[in-house]
Asks: 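Dropping a structure here in structure tokens format, bear with me for questions.
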Amino acid sequence: MCRSTLLKLITPSIHIIGFGMLLAIISKRQKMSKKEVLLEQAAISAAGLQQSHILGIFALLILIITMFALLGLKKITWALLLMINIVLFAYLMKLTVDGSVKETIIVDGKIVEAEEDSESEDEDEVEMPAPVGQYQNPDLPAVA
């Protein structure tokens, strides 16, 4: 095959892979817990951005890539396509890893996995006050 034919086959496949990753990201974002959504919004806000800014930047980048492709600037088009696919892949992997890792809490030297719906259970539990006058000092080793 000649080089231009190969490029004509690879370019649409890169577009399809990028679109597939975008659909997977949208799917994973819809399945995120409220806590993860709030953490991500806080990180975006800390950078001084809003979610609409991120979407606008993404749309503008797609428009720029399209313009470079129409002008026949192959090298910069390929570079931008690869860059956007790498960014999409990295974000997809971040969502995948964050969604699969369970939070662990270490209590008294024992590993306890965090419960997913701890907010609803906290409302049901009623804290009992400690009984008055039944506290005992712990036994401490003698200091030499």
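Along the sequence shown, the residues carry numbers beginning at 1. This structure is a prediction, so every number in the text was calculated from the model and none was measured.
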Asks: Quick check for you: to the nearest 0.5 Å, what is the distance between Ile44 atom CD1 and Gln51 atom CD?
Replies: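 Here the rounded value is 5.5 Å.
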
Asks: Report the residues that fulfil side chain to side chain contact (heavy atoms under 4.5 Å, CB included) with Glu40, sequence neighbours left out, ordered by chain and then residue number.
Replies: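 Glu40 satisfies side chain to side chain contact (heavy atoms under 4.5 Å, CB included) with Arg29, Met32, Tyr91, Lys94, Leu95 once adjacent residues are dropped.
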
Asks: What pairs with Ile64 under side chain to side chain contact (heavy atoms under 4.5 Å, CB included), at least two apart in sequence or on another chain?
Replies: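 Partners of Ile64 by the side chain to side chain contact (heavy atoms under 4.5 Å, CB included) criterion, ordered by chain and then number, come out as Leu60, Phe68, Leu80.
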
Asks: Honestly curious: do Met93 and Phe58 fall in one hydrophobic cluster under the side-chain, below-4.5 Å linking rule?
Replies: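 Yes; tracing contacts between hydrophobic side chains, which count when under 4.5 Å, links both residues.
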
Asks: Is there a path of hydrophobic side-chain contacts, each under 4.5 Å between heavy atoms, that joins Leu73 and Ile84?
Replies: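 Same cluster: Leu73 reaches Ile84 through Ile, Leu, Val, Met, Phe, Trp or Tyr contacts under 4.5 Å.
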
Asks: Are Ile54 and Val87 linked, directly or through other ILVMFWY residues, by side chains that come within less than 4.5 angstrom of each other?
Replies: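 Different clusters: Ile54 never reaches Val87 through Ile, Leu, Val, Met, Phe, Trp or Tyr contacts under 4.5 Å.
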
Asks: Given the rule that I, L, V, M, F, W and Y join up when any side-chain heavy atoms are under 4.5 Å apart, are Phe89 and Leu61 in one cluster?
Replies: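 Hydrophobic grouping puts Phe89 with Leu61.
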
Asks: How long is the span from the CD1 atom in Ile62 to the CD1 atom in Ile57, to the nearest 0.5 Å?
Replies: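 Reported to 0.5 Å precision, the distance equals 13.0 Å.
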
Asks: Can you check whether Lys28 reaches Lys31 side chain to side chain, under 4.5 Å on heavy atoms?
Replies: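 They are not in contact (no side-chain heavy atoms under 4.5 Å apart), so the answer is no.
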
Asks: Is it the case that one hydrophobic cluster holds both Met83 and Ile86, taking links as side-chain heavy atoms less than 4.5 Å apart, direct or via other members?
Replies: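 No, because Met83 and Ile86 fall into different hydrophobic clusters, even though each may have its own neighbours under 4.5 Å.
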
Asks: Below 3.5 Å, can you tabulate the donor-acceptor pairs from side chains in residues 13-24 to any protein atom, sequence neighbours excluded?
Replies:
residue, atom, partner, partner atom, Å
Ser13, OG, Ile10, O, 2.5
His15, ND1, Thr11, O, 2.6

Asks: I'd like to know whether CE of Met67 has more than 12 heavy-atom contacts from other residues, nucleotides or ligands below 6.0 angstrom.
Replies: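 Counting other residues, nucleotides and ligands, CE of Met67 stays at 12 neighbours or fewer.
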
